[in-house]
Amino acid sequence: MAGENEEKLNQNKIFINNEWHDSVSGKKFEVFNPANEEKICEVEEGDKADVDKAVKAARKAFELGSPWRTMDASERGRLLNKLADLVERDRLILATMEAIDGGKLFSTAYLMDLGACIKTLHYCAGWADKIHGRTVPMDGNFFTFTRHEPIGVCGQIIPWNFPLVMFIWKIAPALCCGNTVVVKPAEQTPLTALYMGSLIKEAGFPPGVVNIVPGFGPTAGAAISHHMDVDKVAFTGSTEVGKLIKEAAGKSNLKRVTLELGGKSPNIIFADADLDTAVEFAHIGLFYHQGQCCIAGSRIFVEEPIYDEFVRRSIERAKKYTLGNPLLPGVQQGPQIDKEQFQKILELIESGKKEGAKLECGGGPWGDKGYFIQPTVFSNVTDDMRIAKEEIFGPVQQIMKFKTIDEVIKRANNTTYGLAAAVFTKDIDKALTFAAALQAGTVWVNCYSAMSAQCPFGGFKMSGNGREMGEYGLHEYTEVKTVTIKIPQKNS
Amino acid sequence: MLQKLSCCVQNHLYRPCPKHFPPVQSPEAPGLAVRLNTVLLFSLQIFINNEWHDAVSKKTFPSINPATGEVICQVAEGDKADVDKAVKAAKAAFQLGSPWRRMDASHRGKLLNRLADLIERDRAYLAALETLDNGKPYSVSYLVDLDMVVKCLRYFAGWSDKFHGKTIPLDGDFFCYTRHEPVGVCGQIIPWNFPLLMQAWKLGPALATGNVVVMKVAEQTPLSALYVANLIKEAGFPPGVVNIIPGYGPTAGAAISSHMDIDKVAFTGSTEVGHLIQKAAAESNLKRVTLELGGKSPNIIMSDADMDWAVDQAHFALFFNQGQCCCAGSRTYVQEDIYHEFVERSVEKAKSRVVGNPFDFKTEQGPQVDEEQFKKILGYISTGKREGAKLLCGGNPAADRGYFIQPTVFGDVQDSMTIAREEIFGPVMQILKFKTIEEVIERANDSKYGLAAAVFTKDLDKANYVSQGLRAGTVWINCYDVFGAQAPFGGYKASGNGRELGEYGLEAYVEVKNVTIKIPQKNS
């Protein structure tokens, strides 16, 4: 048993056809622990040649008559349920790996990230044999029905902020619908995805159904989005790269594209809200996982009468933090993921100071090793400041003031993003008005960040295309075929 | 396959089992003596609130082994007073704020999956109980019934958090949506032909959607369902969510169908009793009713069918489960060009069917479930002879102990004969001749029943035409008795109301609530 685990922990290669491969080029890249900037290990660096191998394997596994294509849909569900059980069995290892590689608090990784992974796998497992086509009453003497077929080979490019959760969000619906996949995990955080390779094999998925190619965006990622034999690409990451992916899809073979990109989500607090609850949700809504969430509530609009009190309580809440090694209990904030992010966030903090926002606390780095940034709060933020417009992706909270409903709706929607939004109020009319008016894929009322596998998630406008999770998420992994059969005489 | 099975059972021989459950013995089957130890308490009683109760009246009734006619054991006999207790418990478990009402829908699914795991764990014992109590061959209980039970529960586990209400663009300044709420206390009355499977078909959708259940199991076959009650508790369902009452139809069953505090009744059984249930529901509190009743399903063999396959499937369609299937293909219509050959081959096949001790792996056909059925079937056989059908094989009891009947085939059957119109529910095959496709569709539909039907043909147009025209809830093409948890099943006309299984199966277990909220201004 120990030997088996050790073997799994040594999986730092490219996973194709349920086997482990060196990179074609022989190159490797380093993976770092952001809490102390030390190298964890080296991983095989996948590039175009490796992506080609993976796509070939995925295409073969998808051939008509293959084990995967002829498998009962309920059996696909059974395999996904089995995978969930294996993730649960290895929950401790996976959570530890995720915490070290991703700079994530261990308690959060274990309870929240792993919890979400297991539930998502079970959720999608349940859908596998419930994907219904239709029979359709067409005009004329025809019998018409639709088949909801898998699209085919799906390229999936995932980010570093929730490595394992994002891995599961991608493969679970894809596999549930019968597709085969080529996954490129983020270069910052490939380890838990590669470990999943061994569990996928153990669960019994046929070879070639899931392939994992660690590597960099401009090489492996681009190879996927440009590939002429990849039928669909799903990407979660920055809006900037999202645009490149969509362009590449258009330039190559018009592969289907779903994108889950950035956000600058408004969190609107009315004077009639429960203030304690609002402060707490607004705080977690921004600072969760060091602010590295696409849904971060990074523009907090507070109604004038309670503005000062809200700011005061938010500062107090942000000050109560212990930073440090995310594996240790008692630590509330870990490091940012890497130097690039670290520098970008500090630069934006400086812009905030320069452009006249009031720095209430924090405002700089912490510690002499690792990419730590102090929890930072800006008040008196105005909509034209960079910190109010650009996605910071760090522990930097912006608090602005508003007067009227119409004003705040306009200001909240005045962004090219549209991922999430929230409103805090006890009033039923206000709540339902904002539910309709906010241009965001998810609107929370009297809460923030409440997510679950049953709910569709995705962005309006430049926060993305398409939805993940829920029943809606299946549509993106399905190709609808209409079959029309001539019959002698149609009867209703 | 037989050897693998035997090993399987051997491996389960010494697994601890519920107290008071009978040791399962089979002296006539050499090499297969399934003797099991007992462990759990109070299991042949009434299951209410996750506890075991004697009947209020303290009465018991015997459960009989149909292979021998002997009593297996005594079981508590539930009546109206016990139904009342169970309904009270169910109501309490369904109150707003209860653990069951507040539970995440996904967690309901988790519990159902856990129940499936436990049934899988105890598969060999459950299959043995099923065979002992019902008489179906053990190999079938284990490989078919138990397999389908597990799959059915897993299927519905997956639905728990996916049966969506809608948001609706109503005219006016309103926000409108629907909630799919559980109906409430569901009475479920299940039959003896597929005891465990019928239990799973009922519990799956009811529990997935959040209902609470009062289930009456058939008096002929209470044992396996009562064992599952233990597993329901072990899986972690809160007390009162599932309550199981062994008892008789006219007492416990009637108490359920006329209960003022039961919100819905689901019944599988004879059309005759189906009428009674619907009447009682109407006369009491208009509880919602779904019924899955009898059938006299037509199996149409066109002259271009694959003969070998059609003979094989038509045999299976009738004789499976000792002929005790609601959807048995009990009117085999054969196109005249191939009629003689088809009849000859069918008789040959029926003659070679192995009837015997259901624990013997060589056995294909066990006994009928009880003396009442046994006598009724023999009665139909003599009516068939009397009315002029041609008895081609069988026609008599197959043993002098237990309720075994020889596989029986009648040829030259006419639509007007009793054996062509009434449900026999035994191993008695009727073969009829037809000329044209229009004629056979009309004759096939000329029945008060409409549960299932089938057509065997290679021709695409014929297949589509016939399947459109048949008034039956399931139409099989070039196959028979193909079931899956994913596919809806139910009857047209007097074969029933409503559908079980599939997504459709959820509909009967939810009450749709429309919520309409006034808002300041509607925007699309």
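Lettering of chains follows the sequences in order, A, B, ..., and the numbering in each one begins at 1. Quick caveat, the model's predicted, so the values are computed rather than measured.
The interface of residues 196-206 of chain B with chain A, defined by heavy-atom distances below 4.5 Å, is empty.
F162(A) pairs by the ring pair (Phe, Tyr, Trp, His ring centres under 6.0 Å) definition with H289(A), not counting sequence neighbours. Taking the ring pair (Phe, Tyr, Trp, His ring centres under 6.0 Å) definition, one finds that F424(A) meets it with F281(A), sequence neighbours left out.
If you tally non-hydrogen atom pairs under 4.5 Å between each of A73(A), A436(A), P488(A), A125(A) and chain B, the highest count goes to P488(A).
Atom CE of M103(B) has more than 12 neighbouring heavy atoms from other residues, nucleotides or ligands inside a 6.0 Å radius.
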What would the table of donor-acceptor pairs between chain B and chain A look like if you include every N and O pair under 3.5 Å, whether backbone or side chain?
| residue | atom | partner | partner atom | Å |
| --- | --- | --- | --- | --- |
| Y155(B) | O | K130(A) | NZ | 2.9 |
| D161(B) | OD2 | Q454(A) | NE2 | 2.9 |
| K162(B) | NZ | Y123(A) | O | 3.0 |
| H164(B) | ND1 | E471(A) | OE1 | 3.2 |
| Q468(B) | OE1 | N491(A) | N | 2.5 |
| Q468(B) | NE2 | Q489(A) | O | 2.9 |
| Q486(B) | NE2 | D129(A) | OD2 | 3.0 |
| E503(B) | OE1 | H132(A) | ND1 | 3.2 |

